[in-house]
Peer 1: 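Please find one structure pasted underneath; my questions will follow.
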Amino acid sequence: MCGIVGIVGKSNVNQALYDALTVLQHRGQDAAGIVTCDSGRLFLRKDNGLVRDVFHQRHMQRLIGNMGIGHVRYPTAGSSSSAEAQPFYVNSPYGITLAHNGNLTNVEQLSREIYEADLRHVNTNSDSEVLLNVFAHELAGGGKLRPNQDDIFNAVRAVHNRCRGGYAAIAMITGYGVVGFRDPNGIRPIVFGKRDTEHGVEYMIASESVALDVLGFELIRDLEPGEAVYITNDGQLHTLQCATNGHYAPCIFEHVYLARPDSMIDGVLVYKARLRMGEKLAEKILRERPDHGIDVVIPIPDTSRTSAVELANHLGVKFREGFVKNRYIGRTFIMPGQAARKKSVRQKLNAIELEFRGKNVMLVDDSIVRGTTCKQIIQMAREAGAKNVYFCSAAPAVRYPNVYGIDMPSAHELIAHGRTTEEVAELIGADWLIYQDLEDLVEAVREGNPNITEFDCSVFDGKYVTGDVNEAYLGKIEQARNDAAMSQGNVASAIIDLHNN
Ligand SMILES: O=P(O)(O)OC[C@H]1O[C@H](OP(=O)(O)OP(=O)(O)O)[C@H](O)[C@@H]1O
Ligand SMILES: NC(=O)CC[C@H](N)C(=O)O
Ligand SMILES: [Mg+2]
C-alpha cells in the first residue's frame, strides 16, 4: 500500500502534490517522489525518507508545471533503495512517468516478455517499473505521434490483459495528460475529484479521498475495478471501463488498518466500518465471555482507537487512553525489518500506570500481524501493574501472506500462522484473546455498501482473488522477501541509481 496522487491544474501543482503526499504519508514512509511537467519537460525529485525530508525549497522551486504525479512508498517488491523510489520514468513513447500502489503477481513472466519480446530494459527489481514498461509498450503499439483518449484506454486494456495482481496506478504522458487506472478486481483503492478555481476546473486522482478533502477537491467517485480516467493537459476528463471481467473484490485490510479513518473507499466510510468492527467484536466478547470482568478498555494507538471506543460503549465499560503515543514516530508495521519495528514500539508507546494498576484491562488492537506490538504492549501493561490483561483484535487472525501490496510475504513471520487462538494468547502473554470473526469483519465493511459482495480477505482465509497464486509462488516470495533475505538484499542494492536530482 503506497500512496499515489496525480493533478492536472491551472497553475503550478507542486505544492498541491506535496500537500497531498503529506496527507497520504500513512500509506508509505520509505520514500517519496514528485514529477511535474512544464512545456514538454519533466522535473523529478525522489528519494528515501518522509515527504518533509525529501523535498526542500530548492527542489520545490524546480518542480514547475501545471500537471504532475506523486508517490509515497512502502516497498513490497525489490528493495528499499532510493533507485526504486517512484515515480518511474521511461522515455519512449512520449516520456511516461508512473506511480503505482499494489503488487503484480506475474512479474517474472512480464519481465521476461518485456526483455525478450518488447525489447525493453528494466533497471530495478521493482514491479512498478515493469508495470510502467508494459503500459509504455502497449501505448507505443498505437504508433501515433499524438495519442488521444482512445489510445490511452487501449493501452490500459492491454495492461489488464497482461498484468495480474493488485494495481492502482497513475501515469503522466508528457505534454498530454494524466491517466489513472485500477486493476479488474479493484483490490487497491483510487478515487478522483475536482475543484473550481478562477482559471477553470482542476482535477485530482488519489489513493484516498482524504487527500481530496484536505486540498479542497470534491470527490467525484472511486474508479471502478478495471476502469481508467484520463485528464488531458487542458482539463478534459474522460473515463472508460477497460476490463471485460471487472468486478469488486477490494482489499478488506484497507478498512482494518491501511487507510485513514476519514477516507471514503468504494462508498464505505472507513471510520464507520471501524466503529462497526468494535460493535461486532463486543458482541462476540459478550457471547463468549459473559462474565468478562473487564474494568477498562484501552486502545493501542493509533489505528485501533475508533473500534475500541465503540467496543467499550457496547460492553458498557469505561474507555481510557492508557498509552501515550510519541507523535514523532511513524507507523511501526510499515517499517522495513523486524529490528526497526521492534525497537519503535517501545519508543512509540508509553503506559500511564494509573489506568492499569490493579485492574482487569482489555487491550484492543485493529490487528495482530507479526505480534511485534501486542507482545511488548502486554508486557508494559503488566509492568504498569495490571491484574489481568485481556486482548482483542478487531480483525480475524492473520494467517496467510499478502501478495497484493502489503508487505507480509512470509507466512512463518505471522504469529497466528499454524496456531490456534489459545496458542497465540500464550505466546503474546495475554490471559485471554479474542479475534473478530471473518464474517463479522466482512459485514462491518459491507454495511457501508451492500453492493460489494466480495472482498480480498486473503490474509485471513488464504483465498487469492486473482486466482493465479499457488504454493510455488508463495514459496518463492517467502524465500526472496523474508526478513533475513531482505536485510541482506537492501545492503547490496543500496548503490544502484540511474537518475535523480
Ligand atoms: O502485530 P504487528 O506485526 O505488530 O502488527 C500490527 C500492529 O501494527 C500496526 O500499528 P502501527 O504502529 O503500524 O500503526 P498505527 O499507529 O496506525 O496503529 C497495527 O495497528 C497494529 O498495532
Ligand atoms: N506498497 C505498494 O503499493 C508498493 C508498490 C510497489 N510494489 C513497490 O514495491 O514499490
Ligand atoms: Mg497499531
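When a ligand or atom number is given, it counts from 1 through the structure's own listing order. This chain uses plain numbering: 1 for the first residue, then up along the sequence.
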Peer 1: His100 heavy atoms, cut-off 4.0 Å: which ligand 2 atoms fall inside?
Peer 2: 5 (C)

Peer 1: Does atom OH of Tyr271 have more than 12 heavy-atom neighbours from other groups under 6.0 Å away?
Peer 2: no

Peer 1: Could you tell me, atom by atom, which parts of ligand 1 come under 4.0 Å of a heavy atom of Ile368?
Peer 2: 1 (O)

Peer 1: For Glu426, does the CD atom have more than 12 heavy-atom neighbours from other residues, nucleotides or ligands under 6.0 Å away?
Peer 2: no

Peer 1: Any heavy atom of Cys374 closer to ligand 1 than 4.0 angstrom?
Peer 2: no

Peer 1: Please list, in number order, the atoms of ligand 2 under 4.0 Å from a heavy atom of Tyr74.
Peer 2: 1 (N), 2 (C), 4 (C)

Peer 1: Tell me the contacting part of Thr332 for ligand 1: side chain, backbone, both, or neither, using a 4.0 Å heavy-atom threshold, strictly below.
Peer 2: both

Peer 1: If the plane angle is over 60° it's perpendicular, under 30° parallel, otherwise tilted; pick one for Trp432 and Tyr390.
Peer 2: parallel

Peer 1: Closest non-hydrogen protein atom to atom 1 (N) of ligand 2, residue and atom name please, with distance?
Peer 2: Met1 N, 2.6 Å

Peer 1: Can you pull out the closest protein heavy atom to atom 7 (C) of ligand 1? Residue, atom name and distance to 0.1 Å, please.
Peer 2: Thr373 OG1, 3.4 Å

Peer 1: Judged on heavy-atom distance to atom 12 (O) of ligand 1, which of Met408, Lys348, Arg331 sits nearest?
Peer 2: Lys348

Peer 1: Can you name the atoms of ligand 2, numbered from 1 with element, that are less than 4.0 Å from a heavy atom of Ala77?
Peer 2: 9 (O)

Peer 1: Should the heavy atoms of other residues, nucleotides or ligands under 6.0 Å from NZ of Lys476 be counted, would the total exceed 12?
Peer 2: no

Peer 1: At less than 4.0 angstrom from any non-hydrogen atom of Gly371, what atoms of ligand 1 do you find?
Peer 2: 1 (O), 2 (P), 3 (O)

Peer 1: With heavy atoms of Thr372 as the reference, note each atom of ligand 1 found under 4.0 Å away.
Peer 2: 1 (O), 2 (P), 3 (O), 4 (O)

Peer 1: Would you please say whether a donor-acceptor pair under 3.5 Å links the side chains of Asp407 and Thr76?
Peer 2: no

Peer 1: For Phe181 and Tyr167, take the angle between the two ring planes, folded into 0 to 90°, and tell me which bin it lands in: parallel under 30, tilted 30 to 60, perpendicular over 60.
Peer 2: perpendicular

Peer 1: For ligand 2, which atoms have a heavy atom of Asn103 less than 4.0 angstrom away?
Peer 2: 7 (N)

Peer 1: So with a 6.0 Å cut-off around CZ of Arg52, is the heavy-atom count from everything else above 12?
Peer 2: no

Peer 1: With a 4.0 Å cut-off on N to O distance, would you call Arg346 and Glu383 a salt bridge?
Peer 2: yes

Peer 1: Identify the protein heavy atom lying closest to atom 8 (O) of ligand 1, giving its residue, its atom name and the separation to 0.1 Å.
Peer 2: Phe333 CB, 3.4 Å

Peer 1: Ignoring hydrogens and geometry beyond distance, is a side-chain donor-acceptor pair present between Thr303 and Arg331 at under 3.5 Å?
Peer 2: yes

Peer 1: For Gly405, take its heavy atoms, then give the atoms of ligand 2 lying under 4.0 Å from any of them.
Peer 2: 1 (N)

Peer 1: Side chains of Thr105 and Tyr464: is there a donor and an acceptor less than 3.5 Å apart?
Peer 2: no

Peer 1: If you take the centroid of each ring, where Trp contributes its six-membered ring, are Phe192 and Tyr230 closer together than 6.0 Å?
Peer 2: no

Peer 1: Would you say Gly78 contacts ligand 2, with heavy atoms under 4.0 Å as the rule?
Peer 2: no

Peer 1: What's the shortest distance from atom 10 (O) of ligand 1 to any protein heavy atom, and which residue and atom give it?
Peer 2: Tyr257 CE1, 3.7 Å

Peer 1: Using a 3.5 Å cut-off on N or O atoms only, is Gln86 in polar contact with ligand 2?
Peer 2: yes

Peer 1: What is the closest protein heavy atom to atom 2 (C) of ligand 2, and at what distance does it sit?
Peer 2: Cys2 SG, 2.7 Å

Peer 1: Does ligand 1 come near enough to Ile300 that some N or O of the ligand is less than 3.5 Å from an N or O of the residue?
Peer 2: no

Peer 1: How far does CG of Leu110 sit from NE2 of His137, to the nearest 0.5 angstrom?
Peer 2: 11.5 Å

Peer 1: Indicate yes or no for a side-chain donor-acceptor contact from Glu413 to the backbone of Asp483 under 3.5 Å, with no hydrogens or angles considered.
Peer 2: yes

Peer 1: Below 4.0 Å, non-hydrogen atoms only: which portion of His26 touches ligand 1? Side chain, backbone, both or neither.
Peer 2: neither

Peer 1: Can you tell me the protein heavy atom closest to atom 7 (N) of ligand 2 and the distance?
Peer 2: Asp127 OD1, 2.7 Å

Peer 1: Considering Gln338, Arg370, Lys325, which one's heavy-atom position lies nearest to atom 2 (P) of ligand 1?
Peer 2: Arg370

Peer 1: Which bit of Asp366 gets closer than 4.0 Å to ligand 1, counting heavy atoms only: side chain, backbone, both or neither?
Peer 2: side chain

Peer 1: Could you identify the single nearest non-hydrogen protein atom to atom 6 (C) of ligand 1 and state the distance to 0.1 Å?
Peer 2: Ser367 O, 3.5 Å

Peer 1: Is the count of non-hydrogen atoms from other residues, nucleotides or ligands lying under 6.0 Å from Lys284 atom NZ greater than 12?
Peer 2: yes

Peer 1: What about the rings of Phe460 and Tyr400, do their centers lie closer together than 6.0 Å?
Peer 2: no

Peer 1: Between Arg73 and ligand 2, does any nitrogen or oxygen pair lie at a separation below 3.5 Å?
Peer 2: yes

Peer 1: Is the closest N or O pair between Thr76 and ligand 2 shorter than 3.5 Å?
Peer 2: yes

Peer 1: Polar contacts were defined as any N/O atom of the residue lying under 3.5 Å from an N/O atom of the ligand; does this apply to Gly102 and ligand 2?
Peer 2: yes

Peer 1: Tell me, which protein residue and heavy-atom name are nearest atom 17 (O) of ligand 1, and how many Å apart are they?
Peer 2: Thr303 OG1, 2.5 Å

Peer 1: I'd like to know whether ligand 1 has Asp365 as a neighbour, heavy-atom separation below 4.0 Å.
Peer 2: yes

Peer 1: Mark yes when over 12 heavy atoms from residues, nucleotides or ligands other than Glu321 sit less than 6.0 Å from its CD; otherwise mark no.
Peer 2: yes

Peer 1: Report yes or no: is the cationic atom of Lys46 (NZ for Lys, CZ for Arg) closer than 6.0 Å to the six-membered ring centre of Phe55, at no more than 45° off its axis?
Peer 2: no

Peer 1: Find all atoms of ligand 2 within a distance of less than 4.0 Å from any non-hydrogen atom belonging to Pro75, and give their numbers and elements.
Peer 2: 9 (O)

